[in-house]
*Asks:* 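Here it is: the structure, laid out below.
As the structure is a prediction and not an experimental result, all values here were calculated from the model.
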Amino acid sequence: MKTRLFIIAFFLFNSILFAQSKFTLGFDLSEQFM
């Protein structure tokens, strides 16, 4: 049970990090086009 919780937390953390990096990348790109 503990390992499953750990895996879920790990995936959540990864998806949040990925979304943040994607967002900052898109922001940088849009800033360059301005």
*Asks:* Mind checking who shares a hydrophobic cluster with Phe23, ILVMFWY linked at side-chain heavy-atom distances under 4.5 Å?
*Replies:*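 For Phe23, no cluster forms, as it stays isolated from other hydrophobic side chains.
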*Asks:* Using distance only, find each side-chain donor-acceptor pair of residues 8-22 under 3.5 Å and give its atom names and separation, not counting sequence neighbours.
*Replies:*
{"residue": "Ser15", "atom": "OG", "partner": "Phe11", "partner atom": "O", "Å": "3.2"}
{"residue": "Ser15", "atom": "OG", "partner": "Leu12", "partner atom": "O", "Å": "2.7"}
{"residue": "Ser21", "atom": "OG", "partner": "Leu17", "partner atom": "O", "Å": "3.4"}
{"residue": "Ser21", "atom": "OG", "partner": "Phe18", "partner atom": "O", "Å": "2.8"}

*Asks:* Which residues, ordered by chain and number, are linked to Leu5 in its hydrophobic cluster, where ILVMFWY side chains connect at heavy-atom gaps below 4.5 Å, directly or through other members?
*Replies:* none
